[in-house]
Amino acid sequence: MQPGPISLEQACAKLTELWSPRIVGRVNDQYIKVAKIQGEFPWHAHEREDEMFLVLRGRLRIGREAADGGPVFVGPGEFFVVPRGIRHNTAAEEETWIVLIETVTTAHAGGEKTDRARTLEEQLRPL
């Protein structure tokens with residue numbers, strides 16, 4: 001049971017590593033994660049799960065192939081859902097704070113081998 005409200009801003013403020021999401025909540029079969037990002041994350045896809053990105057601070061670029069609509073830019077207070085199966089990557093020129101809502105089965109980086117991918121155990125570590 002959750003002891004009280006969770007501030008997404010305060011949770012992000014506690015993060016010390018870029019590209020290392022942490023799970024701060026769960027709704028049914030969805031994890032709520034926070035992350036700080038800057039730079040570029042590798043291209044990947046999630047074959048069975050959609051992925052939602054909500055920006056708290058900064059500006060997020062979600063890259064998609066031209067056939068899938070091309071890149072999308074997401075600012076503070078905005079969100080975007082990448083449908084399952086769509087190859088995408090994420091990037092931010094400045095430090096950007098994001099919230100991810102993902103099915104509990106979603107593999108970070110879609111299972112791609114990259115030094116930026118984090119295991120579920122790493123994402124479950126306390127802030």
Side-chain angles (χ1 to χ4, degrees):
M1 174 165 305
Q2 184 175 316
I6 294 173
S7 165
L8 296 171
E9 288 269 344
Q10 288 177 3
C12 273
K14 291 179 182 179
L15 294 170
T16 58
E17 297 176 73
L18 295 174
W19 301 105
S20 188
R22 296 297 176 80
I23 296 167
V24 295
R26 181 174 176 162
V27 178
N28 299 313
D29 290 333
Q30 303 288 320
Y31 280 135
I32 302 164
K33 303 176 181 183
V34 294
K36 287 182 182 177
I37 65 169
Q38 186 172 9
E40 190 166 354
F41 196 80
W43 285 85
H44 64 283
H46 304 283
E47 294 305 317
R48 293 180 298 280
E49 302 100 356
D50 300 335
E51 186 174 30
M52 184 184 130
F53 296 88
L54 167 68
V55 174
L56 299 175
R57 292 186 185 181
R59 184 170 166 86
L60 174 68
R61 180 187 58 78
I62 301 173
R64 300 178 298 169
E65 303 291 344
D68 294 321
V72 174
F73 296 89
V74 188
E78 298 177 328
F79 74 89
F80 186 79
V81 176
V82 176
R84 68 196 70 188
I86 299 295
R87 277 188 64 73
H88 63 284
N89 79 332
T90 51
E93 290 185 19
E94 63 184 1
E95 184 175 278
T96 297
W97 296 12
I98 63 172
V99 176
L100 300 129
I101 299 180
E102 302 175 328
T103 305
V104 298
T105 58
T106 303
H108 195 214
E112 297 283 333
K113 300 296 182 211
T114 171
D115 62 346
R116 291 208 169 151
R118 299 293 177 257
T119 66
L120 183 58
E121 291 76 24
E122 290 173 306
Q123 294 178 60
L124 283 165
R125 289 182 299 170
L127 291 172

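- At a threshold of 4.0 Å, the pair E78-R59 does not count as salt-bridged, since none of the basic side-chain nitrogens sits closer than that to a carboxylate oxygen.
- L15 and S20 get closest at one heavy-atom pair: CD2-O, 4.2 Å.
- D68 has its side chain out of reach of R87: every pair of non-hydrogen atoms, C-beta onward, lies at least 4.5 Å apart.
- By the 4.0 Å N-to-carboxylate-O rule, E95 lies too far from R57 to be salt-bridged with it.
- Across every non-hydrogen atom of L60 and T90, the tightest pair is CD1-CB, 3.8 Å.
- Relative ring orientation between H88 and F53 is described as perpendicular, the plane-to-plane angle rising above 60° on a 0-90° scale split at 30° and 60°.
- Side-chain N or O atoms of W19 include one that pairs as donor or acceptor with a backbone N or O of Q38 at under 3.5 Å.
- Taken to the nearest 0.5 Å, the CD atom of E47 stands 9.5 Å off from the CD1 atom of I86.
- Results of the salt bridge (Lys or Arg N to Asp or Glu O under 4.0 Å) test with E102 over R48, K33, R84 single out K33 as the only residue that passes.
- Both tests do not hold together for R61 against F73: distance to the six-membered ring centre under 6.0 Å, angle to the ring axis within 45°.
- Minimum interatomic distance between C12 and V34 (heavy atoms only, all atoms of both residues): SG-CB, 3.6 Å.
- Separation of atoms CG (L100) and CD (Q30) is listed at 11.5 Å; rounding is to 0.5 Å.
- Distance check: E40 CD to W43 CH2 gives 8.0 Å after rounding to the nearest 0.5 Å.
- Residue F80 comes nearest to V74 through the heavy atom pair CB-CG2, 3.9 Å, listed as atom of the first residue, atom of the second, then distance.
- For K36 against A13, the heavy-atom pair with the smallest separation is NZ-O, 3.8 Å.
- Taken from CD in E9 to NZ in K14, the straight-line distance is 13.0 Å, to the nearest 0.5 Å.
- Here E49 contributes atom CD and I101 contributes atom CD1; the two are 14.5 Å apart, rounded to the nearest 0.5 Å.
- Here the CG-CD1 distance, from L18 to I37, works out to 8.5 Å after rounding to the nearest 0.5 Å.
- The minimum heavy-atom distance linking G58 with T96 is given by the pair CA-OG1, 3.7 Å.
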